[in-house]
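As the structure lists them, so they are numbered: ligands from 1, and atoms in each ligand from 1. Because the structure is a prediction, the values reported are computed rather than measured.
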Amino acid sequence: MHDLKRVARLFDMRADLVHAHPYGSGHINDTYCAWYDQAGQRIRYIHQRINHDIFKDPVALMANVDRVTRHALKRLTESGHPEARRRTLTTIPSIDGKPYAIDSEGNCWRTYPFIERARGYDEIEDNRQAEEAARAFGEFQKLAADLPGKRLVETIPDFHHTPRRLSALEDALRSGDAERRAAAGPEIEFALAREGDAHRVVDAIEAGRVPERVTHNDTKLNNVLLDDVTMEGVCVIDLDTTMPGSVLYDFGDMVRTACPTTREDEVDLSKIDIRLDRFESLLRGYLSSASEFLVPAEIELLAFSGKLLTYECGIRFLTDFLLGDVYFKTKRPGQNLDRCRSQFALVKAIESKLAQMEDMVAECAGNTVAI
Ligand code: ADP
Ligand code: GN1
Ligand code: MG
């Protein structure tokens with residue numbers, strides 16, 4: 001737990017800190033919910049320490065976030081949206097007017113208003129939630145599409161370059177712990193056997209068939225907050241990886257997190273399957289906002305992207321397990337290996353239903369766009 005009183009003093013808060021506590025279930029940053037008193041009214045904010053072991057240039061990252069959120073707010077206010085500031089993250093400036101503040105230990109902090117009456121779901125409860133979340137991510141991509149100015153900075157280079165993720169696994173096999181390597185034998189074999197899949201999307205991007213766009217790149221379902229009452233997707237959060245990418249990375253990660261029958265670290269692999277009804281809801285929601293800008297090559301790869309991103313995430317958990325759990329936060333020993341196993345079980349489930357998923361894409365896209 002950091003000293004939040006000191007953090008609060010770095011920002012232009014206009015209210016007094018009452019109490020702060022760790023918040024959320026993110027794997028990367030240190031997030032705190034902080035209650036403030038403003039002339040007798042209690043309001044809360046999010047203070048977040050950016051993990052600078054993972055994001056090497058937090059200042060450049062915050063320049064991205066600042067550009068994207070200002071652009072979103074401009075569009076929302078221009079359209080007369082009555083709750084524009086609930087529909088996008090907005091940064092509270094530091095006392096010297098920056099969208100972030102650096103503390104005396106060199107940590108980079110940011111502060112967001114707390115988005116009230118909404119929450120993110122680690123496990124989706126029904127199809128409506130999946131549809132609304134996917135629609136919100138599609139809207140986010142649409143909004144980012146006309147972001148003015150230069151290309152956004154790549155906050156983590158090659159973030160979704162699956163072949164390079166596989167190379168990183170091969171490096172970890174050489175340098176990682178021998179005992180852990182022995183424990184993960186079948187998973188290592190599984191990962192290496194699917195090398196061909198790893199290339200499919202990056203090859204399509206390199207060939208110019210799939211365009212580079214500004215994408216979110218971390219569309220885990222708990223990175224969109226859904227309204228407590230209407231279930232509408234109100235605000236896309238966790239913008240650290242918003243940068244040049246492919247819509248396939250975004251849609252694929254939605255499939256990975258919305259469609260399985262279990263949690264990301266489920267240990268009973270017999271319970272893991274992919275829900276096709278949920279996949280259909282995701283598709284419907286996503287295409288309702290994204291169909292107007294998607295090109296045929298992107299649509300053709302939508303179902304496959306679910307398999308790819310699940311495979312890639314499994315590789316990343318496995319690599320981290322071999323390297324001693326240095327990247328993803330863990331709550332128990334072996335959690336990254338459990339996460340890897342569940343991702344690979346999901347890959348298998350997707351493989352067995354991929355043809356059906358592809359038919360669903362063709363049908364749903366045929367109803368919404370002319371391809
Ligand atoms: P991480 O990169 O570690 O996943 P996130 O930015 O996703 O960090 O934040 C962690 C959690 O904090 C989110 O899953 C969400 O529950 C909550 N959260 C983050 N920002 C806000 C906000 N502005 N309003 C309400 N909740 C938020
Ligand atoms: C991390 O930050 P969070 O918890 O939303 C990770 C994603 C992974 C996800 C797996 C910057 O997401 O890429 O898919 O864990 N974020 C980063 O749960 O690496
Ligand atoms: Mg998150």
Side-chain angles (χ1 to χ4, degrees), residues 20-35 43-56 58 61-62 64-65 69 85-92 109-123 133 137 154-162 165 168 215-228 234-243 245 249-250 252-258 260 263-266 306 308-320 325-331 335-336 338-340 342-343 346:
H21 57 90
Y23 192 77
S25 52
H27 292 346
I28 305 296
N29 296 308
D30 294 327
T31 304
Y32 296 91
C33 167
W35 284 97
I43 45 174
R44 47 184 173 163
Y45 290 88
I46 291 282
H47 290 306
Q48 215 169 29
R49 187 190 75 89
I50 301 173
N51 184 332
H52 56 238
D53 291 328
I54 287 177
F55 298 107
K56 304 290 182 204
L61 181 157
M62 285 312 294
N64 278 2
V65 171
T69 53
R85 281 173 191 275
R86 191 169 170 255
R87 297 285 162 153
T88 174
L89 289 177
T90 48
T91 52
I92 302 291
W109 290 85
R110 63 182 164 215
T111 300
Y112 296 125
F114 193 100
I115 308 292
E116 296 290 352
R117 290 175 290 111
R119 67 184 186 93
Y121 292 79
D122 289 339
E123 273 180 290
F137 279 125
E154 286 185 52
T155 55
I156 301 182
D158 297 327
F159 190 57
H160 285 305
H161 195 293
T162 319
R165 292 289 185 185
T215 49
H216 183 281
N217 296 304
D218 189 0
T219 53
K220 195 166 161 174
L221 264 279
N222 67 11
N223 284 333
V224 57
L225 304 180
L226 305 180
D227 188 281
D228 286 343
V234 286
C235 188
V236 169
I237 61 166
D238 205 347
L239 306 181
D240 299 332
T241 52
T242 298
M243 59 182 168
Y249 304 147
D250 283 3
D253 213 45
M254 289 182 230
V255 176
R256 178 182 80 80
T257 52
R263 298 176 73 92
E264 192 179 62
D265 61 350
E266 175 61 57
L308 180 72
L309 269 282
T310 309
Y311 169 55
E312 182 189 277
C313 200
I315 292 174
R316 294 174 62 198
F317 287 140
L318 180 56
T319 306
D320 198 31
D325 307 318
V326 289
Y327 187 97
F328 296 104
K329 287 185 182 177
T330 51
K331 292 203 175 94
Q335 191 176 10
N336 273 321
D338 290 341
R339 287 169 174 156
C340 160
S342 81
Q343 298 306 291
L346 185 61

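- Ligand 1 lies less than 4.0 angstrom from a heavy atom belonging to Q48.
- Proximity to L89 (heavy-atom distance under 4.0 Å) selects the following atoms of ligand 1: 23 (N).
- Aromatic ring orientation, Y23 versus F114: perpendicular (interplanar angle above 60°, classes split at 30° and 60°).
- K220 NZ, 3.7 Å is the protein heavy atom nearest to atom 9 (C) of ligand 2.
- By the 3.5 Å distance cut-off applied to N or O atoms, N223 is counted among the residues near ligand 1.
- Closest to atom 3 (P) of ligand 2 among all protein heavy atoms lies D218 OD2, 3.6 Å.
- Checking side-chain atoms of N29 against main-chain N and O of Q48 turns up no donor-acceptor pair under 3.5 Å.
- Put simply, CG on N217 and CG on D238 are 11.0 Å apart, with the number rounded to the nearest 0.5 Å.
- The shortest contact between atom 14 (O) of ligand 2 and any protein heavy atom is with R256 NH2, 3.3 Å.
- Scanning the protein for heavy atoms near atom 15 (O) of ligand 2, the closest one is H27 CD2, 3.4 Å.
- Remark: R165 CZ to L318 CG distance equals 13.0 Å, nearest 0.5 Å.
- One finds the CD atom of E266 at 8.5 Å from the CD atom of E123 (value rounded to the nearest 0.5 Å).
- When hydrogens are left out, the protein atom nearest atom 18 (O) of ligand 2 is E264 OE2, 2.6 Å; that is the closest non-hydrogen contact.
- The nearest N/O/S atom of D238 to the Mg ion (ligand 3) is OD2.
- Residue contacts with ligand 2 leave out D240, since none of its heavy atoms falls under 4.0 Å from the ligand.
- With hydrogens left out, the protein atom closest to atom 20 (N) of ligand 1 is I46 CG1, 3.9 Å, a heavy atom.
- Between the side chain of T257 and the backbone N or O of K220 there is no donor-acceptor pair closer than 3.5 Å.
- Listed by number with element, the atoms of ligand 1 under 4.0 angstrom from any heavy atom of N222 are 14 (O).
- Ligand 2 places these atoms under 4.0 Å from at least one heavy atom of G26: 4 (O).
- The line from CD1 of I54 to NZ of K56 is 8.0 Å long, rounded to the nearest 0.5 Å.
- Checking only distances, P113 does come within under 3.5 Å of ligand 1, N or O to N or O.
- A side-chain N or O of S25 and one of D122 form a donor-acceptor pair less than 3.5 Å apart.
- Between T241 and ligand 2, no pair of N/O atoms sits closer than 3.5 Å.
- Near F317, meaning under 4.0 Å from one of its heavy atoms, ligand 2 places the atoms 10 (C), 18 (O).
- Here the straight-line distance linking atom CZ of R85 with atom SG of C235 works out to 12.5 Å at 0.5 Å rounding.
- The option from T88, I50, I237, T90 that lies nearest to atom 18 (N) of ligand 1, judged by heavy atoms, is I237.
- At least one N or O atom of D238 sits closer than 3.5 Å to an N or O atom of ligand 1.
- Of the protein's heavy atoms, T31 OG1, 3.6 Å lies nearest to atom 10 (C) of ligand 1.
- Each of T310, D338, L309 was compared with Q343 under the side-chain contact (heavy atoms from CB on, under 4.5 Å) criterion, and only T310 meets it.
- Taking 2.8 Å as the threshold, S25 does not count as a candidate ligand of the Mg ion (ligand 3), since none of its N, O or S atoms lies below it.
- A donor-acceptor pair under 3.5 Å links the side-chain atoms of H216 to the main chain of I237, judged by distance alone.
- At a 3.5 angstrom cut-off on N or O pairs, S25 does not count as close to ligand 1.
- Residue N336 is tested with T330, T319, V326, D265 for a side-chain contact (heavy atoms from CB on, under 4.5 Å); the sole match is T330.
- Residues R263 and S342 come closest through the heavy atom pair O-OG, 4.3 Å.
- Atom 19 (O) of ligand 2 has as its closest protein heavy atom Y327 OH, 2.5 Å.
- Tested against F137 for a side-chain contact (heavy atoms from CB on, under 4.5 Å), the candidates D253, D250, V236 yield a single pass: V236.
- Among protein heavy atoms, the minimum distance from atom 11 (C) of ligand 2 is reached at F55 CZ, 3.6 Å.
- For atom 8 (C) of ligand 2, the nearest non-hydrogen atom of the protein is R316 NH1, 3.8 Å.
- I28 CD1 to Y327 OH: the interatomic distance, rounded to the nearest 0.5 Å, is 4.5 Å.
- Under 4.0 Å is where a charged nitrogen must lie from a carboxylate oxygen, and between R110 and D240 at least one such pair does.
- Listed by atom number, the atoms of ligand 2 under 4.0 Å from D238 heavy atoms are 2 (O), 3 (P), 5 (O).
- Heavy atoms of D218 found under 4.0 angstrom from ligand 1: none, in either backbone or side chain.
- One option in I54, I115, N29 has a heavy atom closer to atom 24 (N) of ligand 1 than any other, and that option is I115.
- The pair E116-R86 fails the salt-bridge criterion, with no side-chain N (NZ, NE, NH1 or NH2) lying under 4.0 Å from an Asp/Glu carboxylate O.
- For atom 11 (C) of ligand 1, the closest heavy atom belonging to the protein is G24 CA, 3.9 Å.
- Near N223, meaning under 4.0 Å from one of its heavy atoms, ligand 2 places the atoms 5 (O).
- Taking every heavy atom of Y23 and a limit of under 4.0 angstrom, the matching atoms of ligand 1 come to 12 (O), 16 (O), 17 (C).
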